[in-house]
Structure formats: C-alpha cells, structure tokens
Amino acid sequence: MEVLTPAMMTKCDQETIEAGYPEILLMESAALGTAKLADEVIKEAMIYKKRDKIEITILVGKGNNGGDGLAAARILKNWGYKPKIILSSSRDELKGVNKKNLELAVLNKIKIYQFPDLKKEKFLAEINNSDLIIDALLGTGITGELRGNIKKIINLISQEAYDHVLTLAVDIPSGIIGKTGNTAGEALKADYTATMAAYKRGLILYPGRDYSGEVQVIDIGIQKETIEKYGDGLKIFNQQEAKKLIPYRKNYGHKGDFGKIAVLAGSRGMTGAPLLTTKSALKSGSGLVYLLISEEIEALTSSQLEELVGIPLPSQKGIIAEKAFEKIKQFSKKVDLLAVGPGLGSNTAVQKIIKNILEQLNIPLVLDADALNVINDLKLLKNYQGELILTPHPGEMSRLIGLNISEINNNRLEIARDFAKENNLSLVLKGAATITAASDGRTYINSSGCNGMATAGSGDVLTGIVSSLKAQGMNSFEAAALAVYVHGRAGEYAAAVESNYALTAGNIIDNLAAVWNELT
Ligand SMILES: NC(=O)C1=CN([C@@H]2O[C@H](COP(=O)(O)OP(=O)(O)OC[C@H]3O[C@@H](n4cnc5c(N)ncnc54)[C@H](O)[C@@H]3O)[C@@H](O)[C@H]2O)[C@@H](O)CC1
Ligand SMILES: [K+]
C-alpha cells in the first residue's frame, strides 16, 4: 500500500480531475467511505441506541476536508442517523464544492452550528455529549502552525473536554502534518482514520502515528497507476504484504533445503546475543544454524541450545583473533549466508576480519551491531561481491554516516533510502516505524511493533529472522521487510501477555510461532 506526501496526493487529485473525473464525485466517494467507517465504528463501540439517538458531531473546516465531512453528514442522515455539524467558520466562508455540500446539508435539514456563535460551555457540552466525533477540520491542506478558530477548537477539545470521545478523523487527524507526522502545535487524537486513496506519511511516522488510531484507506476513484506514478516507491508493510511474501515450504524438503546459516557472533561476556540470533533463525524456518564463536566460550553457548552447532574460532581475551578469518572463509563455503555482528566485540582484530570478509567473500551477508561499528570505509560495502543486508539502529547508523542521531531521526526515510541506493544494499533502519530500503529505491515503513521492543537483545532477534528468511531464498529487500514485520508482530503478541514493561527479547522469540501461524 502506497504512502504519499500531501504534495504527491494533490498531484493525483489534480490529474484525476483534469482527466475528467468531477471533483465533487471524488468528495462524494470520500464521504461515503467515511460514513461507512463511522457506521462500522458505532457498531464496534456497541452503542445500543436507535440511530437517531446516536450523537454524531461533525467538525467541519473551510477546505475540502470540511467538504468531505459535510457530504458524510448528508449520507449518515440518509442512513437514519441524526448528525450535527459544527462549522469552524461562518457559513459564507465556504466556497466551491464545499459550499455546494453545505447547501445540500441545509436542504437535508441537518443541524448546523457556527463555532464563532457558540459559547464555550455549549461547545464543550456538544463535544462531551457526543457518541462519535468526525474530525473534518483540516486535512492535507494544512499550512504552518494552527491558527484562528481551528486552533481554538482543537485546543478546547484536547485540553478541556471531560473525557476522550470516540473520534474518527477524515483523511488525517487535524493538526498532523501529512508530510512529516509532526503536529502543527496541537492535534486531535483519533481512534480511527478514514484516509483517502493512499496512506499519508503523517499517519505512519511518529508522532502522527499515535494520533491516527486504526487507519482505513478509502478508494475514492483515483487510479492505482496514478498513485504509483506520483508516489516515490514508499509503501507501508502490513499483514497483507507479509502474507504475500512468506516463503513456501515444500513438503518433501530436508533440513538443507531451508537454508544453511552461519552466525559469527559473541565474545566473552556477550554470550546472550549470539544465542538470541541463532535461536530466532532456527525459529524462523532455518534447517541448520552454525554458530562461529570464540573458542573460549563455544562450549558454554553450545550447551545452552540443543539445536545449535558450535564452531570454535581462535580467539584472544574472549574476542575472535585475526587468524580466525581463514576458518571463517573455509566455513563460508558450506553455508548460504553469513550473519555477522551481535556481541562480537569491536577491537582491531574484529575490524580486520570484517574488512577481509567484505573484500574476499561473496555469499549473502547480514551485518549488525559490532560488524557495523568497525566499518570505517563505506567503499567496503559498496564493493562487496555478494548481497548485503545491514540492520543498524540509529546509533549505529550515526556512526556509519557521521550524522548525529537526531539528524537521522528527523530524516529517517530519505537517509535510509539514499544509503541503500548509494551503497547498493538493503538497509533496515531500526527504531519506531522501522524503515527498510532497497538498492533500487523501494522503501517500506513497517506497521507492526510496540515500545516494549526497545529492549536489550531485540535487534539480535531481528538479525536471526532476517538471516533465516534470506537463506530460505527470498530476495534481500523482501526478506528484510518481512523479517521486520514478523519481529514487530511477535513483539505485539509478547506485549499482550508480558506488557510493554516486562517484555524481553526472549519473549519475542517465544511468540514467533504465533506469527508464522497467523501468516500461513
Ligand atoms: N482535492 C481533492 O480533489 C480531494 C480532496 N479531498 C479532501 O480535501 C482535503 C484537502 O483539502 P484542502 O486542500 O482544501 O485543504 P484542507 O481542507 O485540509 O485545509 C484547508 C483549509 O484549512 C485552512 N488552514 C490551513 N492551515 C491551517 C492552520 N494551520 N490552522 C488553521 N487553518 C488552516 C485553510 O485556510 C483552508 O481553509 C484532503 O485532506 C481530503 O480530506 C477529498 O475530498 C478527496 C478529493
Ligand atoms: K481531519
């Protein structure tokens, strides 16, 4: 599902209208989708009242977002509801299709208030008595900080309404900036958002994502080709995508058919990370997982996981030594993929080994954690002869490209996309709303996950899942995107039992089975 900026969406609207599709028809489709979602939401909220007793308040701004709300009011009235409209302005400020929809609302005898005429108490009483608020104040046409009556309305509801009232946003919660997900000072929190034609970035980037609730995309008649033409390749990765990509398992396969993986990880004091990675690879479909690890701790890690095959490597002070490379090189011929990094340590020996790996091997590589921390020349990545998947968190990304973490977080999408393109690799930039970028510009924003996953070892688990999927024959970008989704979803399952507070990386692994069952 495409994710657009408001500017891209406007181009889609314009092209559709110029091709002869009447604007008012687009608006009617938007309104119908909104009304249908309102109807579903009311059922889901189990408001057992006759339709005409259900209090629906529609907040209407002067622009086309307001026009959607006005038309939705008319449709809901037709379905037996008795919606009320609160205009942010006086009636005569509405123009064009919005004026037309206002006239139709009047014709249909819908009660209409003008906010400037309402006393604060009356306005708040209307809000607090509502079973459902439909927020059609501001959509993608927002510019600058909130101002005027709309600012007053949003502030009053956010700060003075007694309780949060069930809210459905039209297109995007009012006050959220569609391009960035930031607020224009304040925004109205929604439980549901009916968004038109495609996701907007602001619905999926934080903090906007927290304001949007459950998002439903409404088909308003804009053609898929048009959306693809004006989009920039950014898509949301959700369950639907995940189900499409899940690797097929043949019934007559043997353990070697599902990918042989070598994990190069761990050092003295860091025995948990390699175990989390190998275990999650085994729990994601891999038939055979080897752990290449410092000989000083090999026996210890191997004793903790029955399915694991431990391969001891020469080491010094618990960290693999430079001469371990020859053994790694030999061993790499036996496997389909090498995953490198979790808990490996980051001294000069590790640095040389990573350099040698990048200069001399050609099997698919997944690089994480310490493997990323020791890279001081990006040419090594660009010139690698095989496929590469990198899974940095913002701190590791910051070290790799020399920007600070806040610069990265403010520009996650572009940074991930440019890095993947420039270095010809697949990149997973972790964090809330993880981004997966391909070398050809395709980019996914992940839809699953929860804040409890910001916990030690969570990234090691992801490395295991990515490696497993890639070794099962998927292409690198899709393996990475699917792994990120599965990891996030397993985290959601884990949090449902453990809470976000108590969630640990091991709980994510424990819930992988539920996710595989859900997706297959
Ligand atoms: N263009 C089209 O053909 C379609 C547009 N649709 C709807 O139209 C919306 C976009 O409509 P518009 O471009 O008219 O824009 P909006 O309706 O989002 O907002 C424009 C209005 O908000 C005011 N405004 C802007 N920034 C403000 C701020 N910071 N504080 C207070 N007021 C502010 C402007 O003065 C203007 O009156 C979409 O979000 C969607 O809901 C849908 O009807 C589908 C078709
Ligand atoms: K809105």
Side-chain angles (χ1 to χ4, degrees), residues 4-35 37-38 58-72 75 86-90 92-102 115 133-155 157 167-179 182-203 208 211-213 215 217-222 226-227 230:
L4 302 187
T5 62
M8 294 170 194
M9 193 66 241
T10 303
K11 282 191 187 143
C12 294
D13 288 344
Q14 278 169 356
E15 182 171 293
T16 307
I17 292 166
E18 276 160 22
Y21 204 100
E23 187 179 9
I24 201 150
L25 203 53
L26 289 176
M27 189 168 272
E28 194 68 11
S29 306
L32 182 60
T34 302
L37 183 59
I58 306 185
L59 302 170
V60 169
K62 285 186 287 184
N64 285 3
N65 194 252
D68 293 348
L70 288 166
I75 295 167
I86 301 181
L87 291 178
S88 68
S89 61
S90 64
D92 53 13
E93 288 183 60
L94 275 73
K95 306 275 179 296
V97 279
N98 307 320
K99 184 176 172 200
K100 181 67 159 172
N101 271 314
L102 177 63
F115 177 75
I133 293 176
I134 297 182
D135 160 22
L137 287 169
L138 283 171
T140 51
I142 188 171
T143 52
E145 290 284 295
L146 287 182
R147 53 184 182 269
N149 288 331
I150 290 190
K151 179 177 181 175
K152 284 187 200 155
I153 293 174
I154 293 179
N155 283 342
I157 297 177
T167 301
L168 189 169
V170 178
D171 207 21
I172 187 164
S174 298
I176 296 295
I177 298 160
K179 186 177 173 193
N182 288 327
T183 72
E186 182 77 79
L188 272 190
K189 262 211 154 113
D191 302 282
Y192 296 86
T193 298
T195 200
M196 307 316 156
Y199 263 83
K200 314 299 171 317
R201 281 193 192 183
L203 299 174
Y211 282 78
S212 308
V215 177
V217 179
I218 310 291
D219 172 10
I220 60 168
I222 295 176
T226 309
I227 293 169
Y230 290 109

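Atoms within a ligand are numbered from 1 in the order they appear, just like the ligands themselves.
Side-chain contact of Thr167 with Asp135: a donor-acceptor pair under 3.5 Å is absent, judged by distance alone. Checking Thr195 against Lys200 by side-chain atom types alone, a donor-acceptor pair falls below 3.5 Å.
Under 3.4 Å from the K ion (ligand 2) lies an N/O/S atom of Asp135, whether from backbone or side chain. Under 3.4 Å from the K ion (ligand 2) lies an N/O/S atom of Leu138, whether from backbone or side chain. Among the backbone and side-chain atoms of Ile172, an N/O/S atom is found under 3.4 Å from the K ion (ligand 2). Note on Val170: counted as a metal contact of the K ion (ligand 2), an N/O/S atom lying under 3.4 Å.
One N or O on the side chain of Thr16 and one on the backbone of Cys12 form a donor-acceptor pair closer than 3.5 Å. Side chain of Asn65 to main chain of Val170: a donor-acceptor pair is present (N/O by atom type, distance under 3.5 Å, no hydrogens or angles). In terms of modelled atom types and a separation under 3.5 Å, the side chain of Asn149 and the main chain of Ser88 share a donor-acceptor contact.
For atom 34 (C) of ligand 1, the nearest protein heavy atom lies 4.0 Å away or farther.
The part of Ile220 lying near ligand 1 is the side chain, judged by heavy-atom distances below 4.0 Å. The proximity of Glu145 to ligand 1, defined as any non-hydrogen pair under 4.0 Å, is limited to the backbone.
The distance from atom CD1 of Ile24 to atom CD1 of Ile17, rounded to the nearest 0.5 Å, is 11.0 Å. Ile153 contributes atom CD1, which lies 9.5 Å from atom OG of Ser174 (distance to the nearest 0.5 angstrom).
Heavy-atom proximity to atom 20 (C) of ligand 1, evaluated over Gly63, Gly69, Ala184, Gly178, is greatest for Gly63. Counting heavy atoms only, Asn64 comes closest to atom 14 (O) of ligand 1 of the residues Leu25, Asp171, Asn64, Thr34. Between the choices Ile17, Ile150, Ile172, Thr143, the shortest heavy-atom distance to atom 29 (N) of ligand 1 belongs to Thr143. Of the candidates Ala31, Gly67, Gly96, Gly141, Gly141 brings a heavy atom nearest to atom 13 (O) of ligand 1. Here the shortest heavy-atom distance to atom 1 (N) of ligand 1, taken over Asn98, Asp13, Ile154, Asp68, belongs to Asp13.
Taking 4.5 Å as the limit, every side-chain heavy atom of Leu87 sits out of range of all side-chain heavy atoms of Leu59.
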